[in-house]
Amino acid sequence: MSDAKTHLDGATIAEEDDGIRLDRWFKRHREGTPHALLARWARSGQLTLDGKKADVSDRIATGQKLVMPTPPVETAARPARKGRPLTDADVELATGMMIHRDASAIVLNKLPGLATQGGTKTEQHVDGLLDALKFDGPVRPKLVHRLDKDTSGALLIARTPKAAAYFAKSFSNRSAKKTYWALIVGVPDIQQGEIDLPLAKQPGSGGEKMHVHDDGLPSKTRYRVIERAGNSAAWVELQPLTGRTHQLRVHMAAIGHPIVGDGKYGGKGAFLTGTISRKMHLHSRRLRIDHPDGGAIDISAELPDHFAASLDDLGFDMLLGDIGIDAGEKGPPPKSALKAQAKAHSKQIRKARRGERRGRTAEGKPTDFVGKPKPKPKAKAGRPGKPVPKPAAGRKPSAKKHPARPPKAG
């Protein structure tokens, strides 16, 4: 056994690390320790929490005793990678997007065109701006979900490790509710419904593009048409019931109504002529999620300029937007919006019942109680369908003769 394995080190989990994964603890407090080395320690039983064998993916809790081997000197001395220093413009950008802040959470109204995380040739992103949002918090804030680069709207940031673990669980078990607004090309035949199409990574795209495939993961999206501009475009509300990559974009394109500005999935047909912007028209409008300290966060993000301008150019009424599929949870909408909704609902009912009166003939029998028709009146003697003729005046109808009865046996 080597010296590296016989010399042990220990630590007590602090409150600010409560709920995070064990490998995340090492990134914070033993920055030079490679993940491969951690995995080897875990497999060999040299990594323990309160005396029990631990795995790198285990969630840790305040007060637990962590025991680990002392890493090699050259490993421990390896410097951690650091991002570029923030400029005044970066700080202004980050704080300017903030629409909610409390002890455990921050909500940003992410700008379209700003990536959530870094990647190849991506210098500026939300993750790189989080140092500007630390304020008086104990640690650097952390992302708990993502939005596509060109999608705008509500983005939740956790301010503590405990909150990050809590929010991550809410997103994984689908208790967090997300509502999106989108402008789409054309108008769906069904005004409100659910899209249930499995999604998988498209081969040859390097995982950067999804498509509908029978062997893909189950994917469901609920939608509602808010308002339409003739047959050319519609403003819709979307609720992802699952959380697949590019789910809303793929689902709308799959039913023949791509999101305006989404050339990746809609091709040339995803753009409208005239004054409508060619930018993506997909916005995370509302986020509702339980709060780790009790209560809930329920916040709406205002539209970006290009999206708001497009709705205005198409003559859409903004008051109709917040009458959602489940708007009752947010409180009563404005009276003007209620009137518009009632008028549209009445119109749909009249249209559905058109011609219904003409169909209420032979099949609609009167009933005296549910499911059982009233008994028919007994028909009078005579030919069916004709009244029985009255006897002539002064004459009595002749009695019908019966055959003579046989005599009784003596």
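Atom set for the values below is all heavy atoms of this structure, side chains included, hydrogens, waters and symmetry mates excluded.
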Fill in: Check: H257 side chain, V185 main-chain N or O, donor-acceptor pair, under 3.5 Å
yes

Nearest heavy-atom contact between R40 and L37 is NH2-CD1, 2.9 Å

Quick one: do the Q247 and T242 side chains pair a donor with an acceptor below 3.5 Å? yes

CG of L111 to CG of D150, rounded to nearest 0.5 Å, is 12.0 Å

When every non-hydrogen atom of M210 is compared with those of T245, the smallest separation belongs to CG-O, 3.3 Å

Legend entry - Distance-only polar pair, side chains of S310 and D313, donor-acceptor under 3.5 Å: no

When every non-hydrogen atom of I289 is compared with those of S170, the smallest separation belongs to CD1-CB, 3.7 Å

Handout entry: S172 side-chain N/O to A168 backbone N/O, donor-acceptor pair under 3.5 Å
Key = yes

Review point. Does some side-chain heavy atom of P161 sit less than 4.5 Å from a side-chain heavy atom of V139?
Key: yes

Note to self: Using a 3.5 Å distance criterion without hydrogens, assess whether the side chain of D58 forms a donor-acceptor pair with backbone atoms of A54.
What the structure shows: no

Under 4.0 Å between a side-chain nitrogen and a carboxylate oxygen: does that hold for D298 and K177?
no

Is the closest side-chain heavy-atom distance between H213 and K201 below 4.5 Å?
no

Minimal heavy-atom distance between H283 and G153, with the atoms involved, is CE1-CA, 3.5 Å

For residues 241-253, the salt bridge (Lys or Arg N to Asp or Glu O under 4.0 Å) pairs (sequence neighbours left out) are D148-R249, R249-D262

Separation between CG (L311) and CD (E227), nearest 0.5 Å, reads 9.0 Å

For this session: Scan side-chain atoms only and decide if K149 and T116 contain a donor-acceptor pair under the 3.5 Å cut-off.
Result: no

Got a sec: does the CZ of R59 have more than 12 other heavy atoms crowding it under 6.0 Å? yes

Under a 3.5 Å cutoff, is there a donor and acceptor pairing between the side chains of D102 and S104? no

- Query: Given side chains that start at C-beta, do those of E194 and L241 come closer than 4.5 Å, heavy atoms only?
  - Reply: yes

Query raised in the report: Is it the case that R285 places NZ or CZ above or below the six-membered ring of Y180, under 6.0 angstrom from the centre and within 45 degrees of the axis?
Result: no

- Query: Below 4.5 Å, heavy atoms only, C-beta onward: do I297 and R288 meet side chain to side chain?
  - Reply: no

Here the gap from I226 atom CD1 to L183 atom CG, rounded to the nearest 0.5 Å, amounts to 10.0 Å

**Message:** Using a 3.5 Å distance criterion without hydrogens, assess whether the side chain of R228 forms a donor-acceptor pair with backbone atoms of G230.
**Reply:** yes

Exercise. Just wondering, do L22 and D55 contact through their side chains at under 4.5 Å, heavy atoms?
Worked result: no

Would you mind reporting whether Q117 and V126 have side-chain heavy atoms less than 4.5 Å apart?
no

| message | Check whether D90 reaches the backbone of T87 with its side chain - one donor and one acceptor, N or O, closer than 3.5 Å. | response | yes

Interatomic distance, CG@L303 vs OG@S152, rounded to 0.5 Å, equals 7.0 Å

Interatomic distance, CD1@I299 vs CG@L287, rounded to 0.5 Å, equals 8.5 Å

*Cation-pi, Y265 ring and K209 (6.0 angstrom, 45 degrees)*: yes

Check whether any side-chain heavy atom of F26 lies under 4.5 Å from a side-chain heavy atom of H35, and answer yes or no.
no

One thing to verify: whether D127 and R140 come together as a salt bridge, which I'm taking to mean a side-chain N less than 4.0 angstrom from a carboxylate O. yes

Point to revise | Pair E237-Q192, side chain to side chain contact (heavy atoms under 4.5 Å, CB included): steps then yes or no | key: CA-CA 9 Å; E237 173 184 296; Q192 181 170 315; over 6 Å; no

Here the gap from I157 atom CD1 to H100 atom NE2, rounded to the nearest 0.5 Å, amounts to 12.0 Å

request  = May I ask you to test the W25-L66 pair for a side-chain heavy-atom distance under 4.5 Å?
outcome  = yes

_So for atom CG, which belongs to N173, do other residues, nucleotides or ligands contribute more than 12 heavy atoms lying within a distance under 6.0 Å?_
yes

Here the ring pair (Phe, Tyr, Trp, His ring centres under 6.0 Å) pairs for residues 143-176, sequence neighbours left out, are H145-F171

key: H251 side chain vs R222 backbone, donor-acceptor pair below 3.5 Å   = no

(Q) Has S284 got a side-chain atom pairing as donor or acceptor with A154's backbone, closer than 3.5 angstrom? (A) yes

- Is a donor on one side and an acceptor on the other found under 3.5 Å between the side chain of S219 and the backbone of L217? yes

Notebook entry, point to check: Between the main-chain N or O of M280 and the side-chain N or O of H306, is there a donor-acceptor pair closer than 3.5 Å?
Noted result: yes

* **Main-chain N/O of K220 paired to D196 side chain as donor or acceptor, under 3.5 Å** => no

In terms of heavy-atom contacts, L238 and A182 come closest through CD1-CB, 3.9 Å

On a heavy-atom basis, the closest approach of L197 and A254 is CD1-CB, 3.8 Å

